[in-house]
Amino acid sequence: MNTSPTTRRRLIIDCDPGHDDFAAIALAVTSGAFEIEAITAVCGNAPLDCTSANALAIADALGTSIPVYAGAVAPLLHRYEFPAAFHGVTGLDSAGATLPPPRRALAPGHAAEEIVRRVNAAPGEITLVVLGPMTNLALAIALDPELPGKARELVFMGGGIVGGNVTPRAEFNLWADPEAAAMVLRSGIKATMFGLDVTNDAWIDRDDLARLRAAVPGANPVADIIQYYTERSGDIAAGRVPGPALHDTCPLAWLIDPTLFTIEQLPVTVDTVPGPHYGATDADRRSWVPEGGARIGVALGLDRPGVARLVTDALVDAARRIAQR
Ligand code: BDR
Ligand code: CA
């Protein structure tokens, strides 16, 4: 896509890479659709030292000079075991080749302060893309309660009204820090949620994986990283989907091409009461109930082949960029 610099949407990507975070960043960078002002990392799929190192390695390997900031070391209240079964102990384990070591360092400063600084420097301009627990954004709002009105909008991967993946009711990102998510959604920020309702179906298939593998002869860290994640997918093992669901790509795919998704405005709440519903999202679809949660966009349908094509093209492009580095 050729988008002139003046029309490019300005983004801050907050993430916890993470194999699908990797795919999402690759999509954002290779699309050419965005001015990515900063990448901020949060603890989530792995400890912060891993997710921030991974975010830096990704930004650098893709040939960008996007500054990468480390943020929250722990969620606001919740303490949990990192999901090493899916993302490995580093958060970005590979079945073979790994990303080259970055040739630059993390940028100085805390992610939350950087979000506040950059949004205040460009009121109404910055779109916040959150692909992990919402801790950094909650901290940013605690630092500057007016922040929600100054961001252009928030798009995030998390939640889902269909059910959960880490518990029967809760999706990982919102379960990892439900208090942060509740605080962000209650802040009144204009938001669109890409939950498991759509992201469970954001899978690429065997042909897409073969195309990615064939994109680069010899060492292909992108294919190996995606292969690691594919081999650990419970949904593939259960035969529910034929390939890996790259959850975090959905918010970026929507920003690139909104026709790929169906969105409904619904009142959404996050459960913060300890118990079986901890971290679950509820969306009230009763049209006669005026209140009861933050009215946000909720993605409820997607053009799966369209998203898969966009994401596979991005991964192929990323694999070639990294091979030429
Ligand atoms: C979300 O949880 C993480 O494991 C993924 O990176 C994604 O952001 C999916 O539930
Ligand atoms: Ca993530």
Side-chain angles (χ1 to χ4, degrees), residues 12-28 39-48 50-55 58-59 68 71-72 75 78 80-93 111 128-137 154-178 180-181 184 192-204 225-226 228-236 240-241 244-254 270 278-281 299 302 307 311 315:
I12 295 176
I13 301 178
D14 186 68
C15 56
D16 61 338
H19 294 73
D20 52 338
D21 303 73
F22 169 79
I25 296 168
L27 175 58
I39 295 177
T40 54
V42 67
C43 99
N45 285 323
L48 180 72
C50 294
T51 57
S52 54
N54 293 340
I58 296 165
V68 179
H78 195 190
Y80 63 89
E81 296 287 324
F82 294 106
F86 300 107
H87 299 278
V89 287
T90 69
L92 195 60
D93 279 15
L128 301 167
V129 180
V130 176
L131 309 176
M134 291 208 191
T135 322
N136 284 342
L137 185 50
L154 163 68
V155 295
F156 68 96
M157 190 282 133
I161 44 185
V162 69
N165 56 5
V166 67
T167 74
R169 288 294 319 281
E171 179 280 329
F172 175 75
N173 286 345
L174 294 206
W175 169 88
D177 197 341
V184 169
T192 306
M193 167 171 123
F194 294 82
L196 297 175
D197 313 297
V198 288
T199 71
N200 271 339
D201 291 324
W203 42 268
I204 58 175
I225 284 168
I226 300 300
Y228 181 94
Y229 180 70
T230 304
E231 287 167 355
R232 277 150 193 83
S233 161
D235 276 345
I236 299 175
R240 199 193 72 77
V241 290
L246 296 166
H247 303 273
D248 287 339
T249 60
C250 288
L252 277 313
W254 178 66
V270 184
Y278 188 59
T281 40
L302 85 168
V307 173
V311 171
L315 292 172

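All ligand and atom numbering here is 1-based and tracks the order in the structure.
Partners of Phe194 by ring-ring contact (aromatic ring centres under 6.0 Å, His included), not counting sequence neighbours, listed by chain and number: Trp254, Phe261. When the ring-ring contact (aromatic ring centres under 6.0 Å, His included) test is applied to Phe86, no partner is found at least two apart in sequence or on another chain. Legend: residues meeting ring-ring contact (aromatic ring centres under 6.0 Å, His included) with Phe156, ordered by chain and number and at least two apart, are absent.
Shortest non-hydrogen contact noted between Val307 and Leu302 is CG2-CD1, 4.0 Å. When all heavy atoms of Pro75 and Asp177 are compared, the pair lying nearest together is CA-OD2, 3.3 Å. Residue His19 comes nearest to Ile225 through the heavy atom pair CD2-O, 3.1 Å, listed as atom of the first residue, atom of the second, then distance. Contact between Ala59 and Val68 at its shortest, heavy atoms only, is CB-CG2, 3.9 Å.
Of all atoms in ligand 1, listed by their number and element, those nearer than 4.0 Å to a heavy atom of Glu171 are 1 (C), 2 (O), 9 (C), 10 (O). Using a 4.0 Å cut-off to heavy atoms of Asn165, the atoms of ligand 1 that qualify are 9 (C), 10 (O).
Contacts with ligand 1 closer than 4.0 Å are made by side-chain heavy atoms of Asp21 only, the backbone lying farther away. Residue contacts with ligand 1 for His19 are absent, since no atom lies close enough (heavy atoms, distance under 4.0 Å).
Checking Thr90 against Asp93 by side-chain atom types alone, a donor-acceptor pair falls below 3.5 Å.
Using bins of under 30°, 30° to 60° and over 60° for the plane-to-plane angle, the ring pair Phe172/Trp175 lands in the tilted bin.
Distances between N or O atoms of Leu131 and those of ligand 1 include at least one value under 3.5 Å. Some N or O of Asp20 is nearer than 3.5 Å to an N or O of ligand 1, by distance alone.
Protein atoms of type N/O/S that fall under 3.0 Å from the Ca ion (ligand 2) number 5 in this view.
Regarding atom 4 (O) of ligand 1, its nearest protein heavy-atom neighbour is Asn45 OD1, 2.7 Å. Counting protein heavy atoms only, atom 8 (O) of ligand 1 is closest to Asp248 OD1, 2.6 Å.
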Take Asn173 and Met157 through the side chain to side chain contact (heavy atoms under 4.5 Å, CB included) test and state the conclusion after the steps. CA-CA 8 Å; Asn173 286 345; Met157 190 282 133; 3.5 Å; yes
